[in-house]
Amino acid sequence: MSQGHTSPGRGAESYDVVVVGAGFAGMYMLHRLRGLGFSARVYEQGSGVGGTWYWNRYPGARCDVESMQYSYSFSDELQQEWDWSERYAPQAEILRYANHVADRFDLRRDIQFDTRIESAVFDEVTGRWAVTTSRGDTVQAQFVVLATGCLSNARKPDIKGLETFKGPVYHTGNWPHEPVDFTGLRVGLIGTGSSGIQSAPIIAEQASHLTVFQRTANFSVPARNGALSDEERGAFRNNYPEIRRFAREVARNGIYTEQPDRGALDDDEETRRAKYAARWERGGLTFMYAYNNLGLDRTANDTAADFVRGKIAEIVNDPGKAKLLQPNSHPIGTKRICVDTDYFATFNRPNVALVDIKTHPIEEITASAVRVAGTDHEVDALVLATGFDAMTGSVARIDIRGRGGQTLNQKWAEGPKTYLGLMSAGFPNLFIITGPGSPSVLSNMIVSIEQHVDWIADALGSLRRQGLATMEADRDAEEKWVAHVNEVAAGTLYPQANSWYMGANVPGKPRIFMPYIGGVGVYRRICDEVAAKGYEGFVLQRADQPRAAAS
Ligand code: NA7
């Protein structure tokens, strides 16, 4: 395989690998590829690194996984030296960390910013991809790695009259880089997922009035965020080998926490309440790890959901608002549970209103108001916290053509099909990091990103050692994997929620459960076994072999 070069005669740059996206996945992919001596070029549509942390600059934006765990593990020096200031670092600090990593590992010289990838077309004769950028350049690459992120395609809702609104309209997933000042303004916030729940308390403090338009009440637990002491950082640092091993191999979701040894119904009511109360006091996503069957058994799940509903009733003074804020339409945890700071208490403020848009959907947005059930809620600015076309949205925006000119969008019209979430049959040498069919968004993303990057890097190294030119998912292996992903999901409560895991937030998107729910440890073992068996389920070919499609 070549070092990076410009091919004479073709007039196009040529690389071993083109990586799309310079978020945490793309940056680490570049680092690994360099280490292996591959030539690589990363294309990033933003003007800087950081991916989701580059775009999601809304007030209150933080990760919902603790920073000591939501951070790279590949470099011990990095994890020993970087000082996280808080338990859950704010967006600006995570972005600083991403920039620090880019500088520390000298990544920028191989990243082209402000450049979208428009298309990637596989040439069955040469076995290479032609990748076209928004600047009109076409570059050649043997491999393409999509590090496009799972939550990076902000979705504007299709609400009548939205374009007629005279004030500013912001989307949490595409927030301006300059500070937005809501002082003295009446703000309307649409959406009560993680972004809405994180931003509402901060906006309420600044704005003269905040109206929250809620379609689905959401479960949220307190973050209990705070400054990290040297002792707390030290406790992680001294135990990182074990903490990281546990997150990779044992924890289902890639987060180090005590694992429950029993189901919720194995304890009596009093013990159960005490356990939920302890998890609630500690705060964070691991609330769902109080018991081992909360995602599986509806009766068990109800005990946790009832506990949280009870907490909402305790916090919110107005019983009518409290009732509206109590989620009843889905089992707890089947939509990603939110982690908040004073979300429910925000509704005790005199300047905060809650409007139910489930019973009466928004009729239309006028020049100055959001109209619901015939009432105009006057607002000066609108914040859309309406989420993303998750997991497949940013891949779908690229015109990807594999064997026979088939587009990935055509192939995925009925829902994404991959083998292990890593490759899709008919698209040789095209890898997806944390794609649908892998644990991905059900996990600590950095754990899953590092696993995929390492697996892909090992696969490319192995191809090179064996003098092989292409790698492609076998169709049978893919079918079986898709069936397995669905089977595992069907054994849980997750498909009961209209969540973005199911594609249910995007009208017309096929409803299938996209992430693999078997757990990151189980999944890692499957991927490692596949590799150990010579990449079982993948078709590997030499350059001079006839380029038959994988069966
Ligand atoms: P989410 O979790 O997808 O939340 C989007 C919210 O916006 C949710 O409450 C939606 O209600 C609501 N929504 C979406 N479209 C509309 C329309 N058309 N009208 C009214 N309300 C709407 O996105 P987030 O950005 O909050 O969080 C995404 C992930 O980022 C999160 O899970 C963490 O992993 C980090 P719905 O529930 O669909 O009824």
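In listed order, ligands and their atoms are each counted from 1.
- Every residue two or more places apart in sequence or in another chain that forms a side chain to side chain contact (heavy atoms under 4.5 Å, CB included) with E66 is listed here: R87, Y88, F236.
- Residues Y494 and F513 bring their aromatic ring centres within 6.0 Å.
- Near ligand 1, residues L151, R155, P157, I190, G191, T192, G193, S194, S195, R215, T216, K335, R336, I357, A385, T386, G387, F388, W500 each place a heavy atom inside the 4.0 Å sphere around the ligand atoms.
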Show every donor-acceptor pair shorter than 3.5 Å between a side-chain atom in residues 433-440 and any protein atom, with sequence neighbours excluded, or say none if there are none.
from	atom 1	to	atom 2	distance (Å)
S438	OG	G435	O	2.7
S440	OG	T434	O	3.1

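- A salt bridge (Lys or Arg N to Asp or Glu O under 4.0 Å) check over residues 365-393, counting only residues at least two apart or in different chains, returns the pairs R186-D380, E364-R371, R371-D376, D389-K509.
- Heavy-atom neighbours of E281 CD from other residues, nucleotides or ligands within 6.0 Å: above the threshold of 12.
- Counted by atom type alone, Q496 and R298 present one or more donor-acceptor pairs between their side chains at under 3.5 Å.
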